[in-house]
Amino acid sequence: AQTVTQSQPEMSVQEAETVTLSCTYDTSESDYYLFWYKQPPSRQMILVIRQEAYKQQNATENRFSVNFQKAAKSFSLKISDSQLGDAAMYFCAYRSELGNNNDMRFGAGTRLTVKP
Amino acid sequence: DSGVTQTPKHLITATGQRVTLRCSPRSGDLSVYWYQQSLDQGLQFLIQYYNGEERAKGNILERFSAQQFPDLHSELNLSSLELGDSALYFCASSERLARNEQFFGPGTRLTVL
């Protein structure tokens, strides 16, 4: 079964600085999708960025980018120019391409604090 | 706004009771997923429906059941409630292909007293 591990329960960053959140996963599949979701205090789950495993190029969405290392099964999220509004729980998620098991497998989350 | 709606937003009930949570997916989405998020925990996948049929089961208790109706809305039924069932229950929907993201509803916060 696929598992997702976020080894940093909490992280903090100074406003305008850069922070990297770590995520590793375990799978025997070659085709899959990886996601980072943000959960602010409102508890709404918001998609931040998505990466297809077959793509070598790292995904980028404005200030958010990933470092996808398929061989190492690592999928870290980099937030540049951090803003106060980035403070939230961040969840890494894995989704299989195969069969019926295309539910999301989530990590335990990293709570990001942004200091003014 | 993700386009996924969930009702009610909050639910407070007593142990032993039964409740029903409702979810309406985004227009055009055939897949509905239910997740449970306990306090300060990650999301645990419960069950998935696709176009009215059960597709996948996760860590769903036997006391819990779900269904998806012809109009594609879904209901999660929780019975014989226990204190430990208190959690945030999310519904998500997506298009058919796995590569597509899941869009999450705002969640229903269930408190069992």
Taking all non-hydrogen atoms of both residues, which atom of R43(A) and which atom of F90(B) are closest, and how far apart? O-CZ, 3.0 Å

Linking I/L/V/M/F/W/Y whenever any side-chain heavy atoms sit under 4.5 Å apart, do I79(A) and L84(A) land together? yes

Taking I47(B) as the starting point, is it possible to reach L78(B) by hopping between hydrophobic residues whose side chains are less than 4.5 Å apart? yes

Given that the side chain runs from C-beta out, which part of L43(B) has a heavy atom under 4.5 Å from chain A: side chain, backbone, both or neither? both

Can you tell me how far the CD atom of Q37(B) sits from the CZ atom of F106(A), to the nearest 0.5 Å? 9.0 Å

Of the backbone (N, CA, C, O) and the side chain (C-beta and beyond), which part of Y37(A) lies under 4.5 Å from a heavy atom of chain B, both, or neither? side chain

With a 4.5 angstrom heavy-atom cut-off, is it the side chain or the backbone of Q39(A) that approaches chain B, or both, or neither? side chain

Can you get from M11(A) to Y90(A) by hopping between Ile, Leu, Val, Met, Phe, Trp and Tyr side chains that sit under 4.5 Å apart? yes

Mind listing the closest non-hydrogen atom pair of R95(A) and S94(B) along with its distance? NH2-OG, 3.2 Å

Count the heavy atoms of every other residue, nucleotide or ligand shown that sit under 6.0 Å from CG of D71(B), and state whether that count exceeds 12. yes

With the side chain counted from C-beta on, respond yes when Q44(A) and F104(B) share a heavy-atom pair under 4.5 Å apart, and no when they do not. yes

So with a 6.0 Å cut-off around NZ of K78(A), is the heavy-atom count from everything else above 12? no

Are M45(A) and Y33(A) connected in the hydrophobic side-chain network, where two residues link if heavy atoms are under 4.5 Å apart? yes

Over all heavy atoms of both residues, which pair between M104(A) and Y35(B) is shortest? Give the atoms and the distance, please. N-OH, 3.0 Å

